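Keep in mind it's a predicted model, so treat the numbers as computed, not measured. Throughout, a chain's letter reflects where its sequence line sits, starting with A, and its residues are numbered from 1.
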Amino acid sequence: MSRWRALPKSFYRRPAEEVAPELLGRYLVRDVGGERLVARLVEVEAYLGAPDRASHAWGGRRTARNEALYLSGGHAYVYFIYGMHFCLNAVTGAAGEGGAVLLRAAEAVEGEAAIARRRGVELPARPGLLLSGPGRLCQGLAVDRRLDRVALQRGELRLVEGEPLGEAEIVRGARVGVGYAGAAASWPLRFAVRGSREVSRPWPWRRG
DNA sequence: CGGAAGATCCACT
DNA sequence: GTGGATCTTCCGA
C-alpha cells in the first residue's frame with residue numbers, strides 16, 4: 001500500500017504548472033487534537049512566481065508574509081486573506097523560485113464528522129459545501145498560519161500518494177479571482193477532477 | 001502614515 | 001447577483 005506514503009520532495013522540485021495536475025487525487029492528511037482528517041484534492045491552481053502577475057512572488061517580491069514561497073519545493077505556504085480566511089499552498093521548484101500550487105478544493109475521505117464540525121456544517125453536507133474553496137478547505141482541516149513553512153513530508157500536515165489521476169480525468173481553465181493580473185489572468189493554470197461535485201465553482205465551458 | 005485592494009465566504013434578495 | 005465582514009500587506013506621498 002503506497003497510498004499513505006508521503007510525496008517525496010523530488011515530486012515538488014519541478015515547475016508549478018507540472019506539479020499542479022499531479023496533485024489531484026492525492027490525500028491531504030492533517031493530524032490535530034488527536035483526530036486524523038484526510039481529504040482528497042479535487043481542485044488546484046498553479047502560481048508561477050516572478051513572471052506571474054497573479055503570484056505573491058510576482059517580480060521577485062519578497063516580504064515577511066510570502067517568505068515561505070521561497071523555500072524549496074515541498075513546504076507549505078499559508079497566508080491570511082480578506083481579514084477572515086487562510087489559503088494553503090504547496091511550494092514547488094527549487095529554493096528561491098517562488099512557485100507554488102494553491103489547494104482550492106477537496107472531498108472528505110476520513111474524519112468527515114470532525115471536518116464538518118470545524119466548518120460549522122451539518123451532515124450530510126450538501127455537495128460543494130464542505131471543503132470547496134481554499135478558505136473552506138483550511139477551516140475544515142484546521143490549517144492556519146502556524147502551518148506556514150512546515151515541510152509536507154512528515155508532521156501534522158502531509159501530502160501523500162493517494163489516487164493519482166490520468167490526463168483524461170482532468171479539466172483545465174483560468175484561475176479564480178485574479179482579474180487584476182493582466183494577461184496572466186487568462187493563463188489556464190487551474191486544474192480540477194472532471195465531473196467532481198466538490199469543485200469550488202462551475203467550469204464556464206461545461207453546462208450543468 | 002494613510003488608503004486601497006485582496007488567490008474569500010456567507011446571507012440575503 | 002449584490003454587498004458586508006474584517007485585517008494584513010503594500011505602495012505612494
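Among the atoms of the strands shown, none is found under 4.0 Å from any heavy atom of A:Arg53. Across all strands, A:Asn89 comes closer than 4.0 Å to base atoms (heavy-atom distances).
Put simply, A:Ser55 has no side-chain N or O that comes within less than 4.0 Å of OP1 or OP2 on B:dA7. Distances shorter than 4.0 Å separate none of the side-chain N or O atoms of A:Tyr77 from OP1 or OP2 on B:dA7.
Taking atom CZ of residue A:Phe86 and atom P of nucleotide C:dC7, one finds them 11 Å apart after rounding to whole Å. Atom CG of A:Leu102 and atom P of B:dG6 are 16 Å apart (whole Å). Between the OH atom of A:Tyr82 and the C1' atom of B:dA7 there is a distance of 7 Å, rounded to whole Å. Look at NE2 on A:His85: it is 14 Å from P on C:dA5, rounded to the nearest Å. Atom CG of A:Leu88 is separated from atom C1' of B:dT8 by 15 Å (rounded to the nearest Å). Taking atom CD of A:Gln139 as the reference point, atom P of B:dC9 lies 10 Å away to the nearest angstrom. The CG atom of A:Leu137 sits 13 Å away from the C1' atom of B:dA7 (whole-angstrom rounding). One can place CZ of A:Phe191 at 19 Å from P of B:dA7, the figure rounded to the nearest angstrom.
Nearest nucleotide to the A:Arg61 side chain, out of C:dC11, B:dC10, B:dA7: C:dC11. For A:Arg119, taking side-chain heavy atoms from C-beta onward, the closest of the listed nucleotides B:dC10, B:dT8, B:dG6 is B:dC10. Of the candidates B:dC10, C:dA5, C:dT8, the closest approach to any side-chain atom of A:Phe80 belongs to C:dT8. Of the candidate nucleotides C:dC10, B:dA7, B:dC10, B:dA7 has the atom lying nearest to any side-chain atom of A:Ile81. Considering only the side chain of A:Cys87, B:dT8 comes nearest among C:dC7, B:dC9, B:dT8.
Checked options A:Leu137, A:Val176, A:Leu88; the residue passing with A:Arg104 is A:Val176 (criterion: side chain to side chain contact (heavy atoms under 4.5 Å, CB included)). In summary, of the residues considered (A:Leu159, A:Val38, A:Leu7), a side chain to side chain contact (heavy atoms under 4.5 Å, CB included) with A:Tyr27 occurs for A:Val38 alone.
Annotation: of the two residues near DNA chain B, A:Val121 and A:Gly177, the 5′-most nearest-nucleotide partner is A:Gly177.
Remark: B:dA7 base-pairs with no nucleotide; criterion is Watson-Crick or G-U wobble with both hydrogen-bond distances under 3.5 Å.
Here the CZ atom belonging to A:Arg149 is positioned 6.0 Å from the CD atom belonging to A:Glu67, to the nearest 0.5 angstrom.
Taking the P atoms as reference points, C:dT6 lies 22 Å from B:dG2, given to the whole Å.
Where stacking is scored as ring centres under 5.5 Å apart with planes under 30°, A:Tyr47 registers as stacked on the base of B:dA7.
Across all their heavy atoms, A:Leu189 and A:Asp52 have their closest contact at CD1-OD2, 4.5 Å.
Comment: A:Arg158 engages A:Asp31 in a salt bridge, judged by a side-chain N to carboxylate O separation of less than 4.0 angstrom. At a threshold of 4.0 Å, the pair A:Arg40-A:Glu107 counts as salt-bridged, since one of the basic side-chain nitrogens sits closer than that to a carboxylate oxygen.
In the interface, the side chain of A:Tyr79 is paired with the base of B:dA7 through a donor and an acceptor atom under 3.5 Å apart.
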